[in-house]
Amino acid sequence: MRIATWNVNSAKQRLPRLLPWLEERRPDVVCLQETKLSDAAFFDLFMGPLTQLGYEVAHHGQGGFNGVALLSRVGLVDVEHNFPGQPDYLGATESRAISATCAGVRIHSLYVPNGRDVASDHYAYKLEWLDALAEAVAAGPADVALCGDMNVAPADADVFDPAAYVGHTHVTGPERARIAAFGLVDVVRARWPEPERVFSYWDYRAGMFHQDLGMRIDLVLASQPVADRVAAAWVDRAARKGKLPSDHAPVIVDLDEAPDGDIGPVVPPPSNPRRGARTRLPQSRD
DNA sequence: ATGGTTGGCTACCAA
């Protein structure tokens, strides 16, 4: 099963890139963030083409800002908007979280608050939001993956220059402590150990992508039973290239089939190659 | 030039 997560920075603007990308990468489960659309607008634009591609679709949006979605062709059940205890901002619940069970895994598509500035109320909101999420996830199923724009670089190796971020959000101790406190496996970092530099976001400004001055803030955090099934985990850097890209690249994670557990002897597969076998890691180094 | 871009929305704010 292939899971992908992508902050698209406006699903409407990304439509001409998103559909060909789905056909190329063929993810089974897709988590989208920053759709910036109402549910009605998302369904108007995407329901036809996504159904054509075989996806069930769930969207939680408010129009203009935020907005998250889940697409799946391996089942999409028990869809939940927001999470229990999710804090409000300025008196409103923002559309930053949606979850569903897909092929037995509880998948969360998350757009964590940016935090803006360490002195701002948005930063306090970010920390509260992550605390509440940890509590909700701990009370949920054991097979879980948090996917999305976490707006935290977990370690210094996840920013192009730690010195450039001193005093800024995304790299502070309290933010990193929240990511660690989930007690989950950062599956891309597990596959690309330090000091490998793997970024998922490059600011639009100042030619940052061209110079590879980025951050790794889009994460897939998986519980151990799910992490044990990871066959490949990488950032699809190619999707950040070319005309009118998002400022984020997708993260792609391939899982082997779930072990059958104690439901009896495993039936040997037929002679054709097993689906879900290890894929190569196509990330280029240009 | 003291973010140089992009996107939402239409005067700026957010990232």
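Sequence lines set the chain letters: A, B, ... in the order given, protein chains first and strands last, and positions in each chain run from 1.
Look at the P atom in both dG7(B) and dT2(B): the space between them is 22 Å, to the nearest Å. Comparing the same atom, P, in dT6(B) and in dA11(B) gives a spacing of 23 Å after rounding to whole Å. Taking the P atoms as reference points, dT10(B) lies 33 Å from dA1(B), given to the whole Å. Only the C1' atoms considered, dC9(B) is 23 Å distant from dG4(B), to the nearest whole Å. Here, dG3(B) and dA15(B) have their C1' atoms 11 Å apart, quoted to the whole Å.
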**Item:** Protein-to-nucleotide contact annotation, 5' to 3' order, nucleotides 4-13 of chain B [B base; S sugar-phosphate only; - none; under 4.0 Å, heavy atom]
**Value:** BBSSSS----

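Note: F42(A) and F46(A) have parallel aromatic rings, judged against thresholds of 30 and 60 degrees for the angle between ring planes. Between W202(A) and F209(A), the ring planes are perpendicular. Angles over 60° get that label, and only those under 30° would be called parallel.
The list of ring pair (Phe, Tyr, Trp, His ring centres under 6.0 Å) pairs with a residue in residues 14-41 of chain A, not counting sequence neighbours, reads W6(A)-W21(A).
Computed from coordinates, the Y111(A) OH to dA14(B) P distance equals 11 Å when rounded to whole Å. One atom, CD1 of I217(A), and another, C1' of dA15(B), lie 9 Å apart when rounded to the nearest Å. Atoms CH2 (W202(A)) and C1' (dA15(B)) sit 16 Å apart, rounded to a whole Å.
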**Message:** Pairs counted only when both distances fall under 3.5 Å, Watson-Crick or G-U: show me the 5' to 3' dot-bracket for DNA chain B, [ ] for pseudoknotted crossings and | for other-strand partners.
**Reply:** ....((((...))))

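Residues S223(A) and D143(A) approach most closely at OG-CA, 3.6 Å, considering heavy atoms. Across all their heavy atoms, R96(A) and H60(A) have their closest contact at N-CD2, 4.5 Å.
Clustering of Ile, Leu, Val, Met, Phe, Trp and Tyr side chains at separations under 4.5 Å places L184(A) together with F83(A), Y89(A), L90(A), L110(A), V112(A), Y125(A), W129(A), L130(A), L133(A), V137(A), V144(A), L146(A), M150(A), V152(A), I179(A), F182(A), L219(A), L221(A). Other members of a hydrophobic cluster containing L244(A) are absent, since no ILVMFWY side chain comes under 4.5 Å of it, directly or through relayed contacts.
Comparing M208(A) and G115(A) by the nucleotide of DNA chain B whose heavy atom lies nearest to each, the residue mapping closer to the 5' end is M208(A).
For the pair R73(A) and Y55(A), the distance from NZ or CZ to the six-membered ring centre is under 6.0 Å and the angle to the ring normal is within 45 degrees.
The residue F209(A) sits apart from the nucleic acid: no heavy atom pair falls under 4.0 Å.
Every residue was checked against the salt bridge (charged side-chain N to carboxylate O under 4.0 Å, His left out) condition with R229(A), not counting sequence neighbours, and none meets it.
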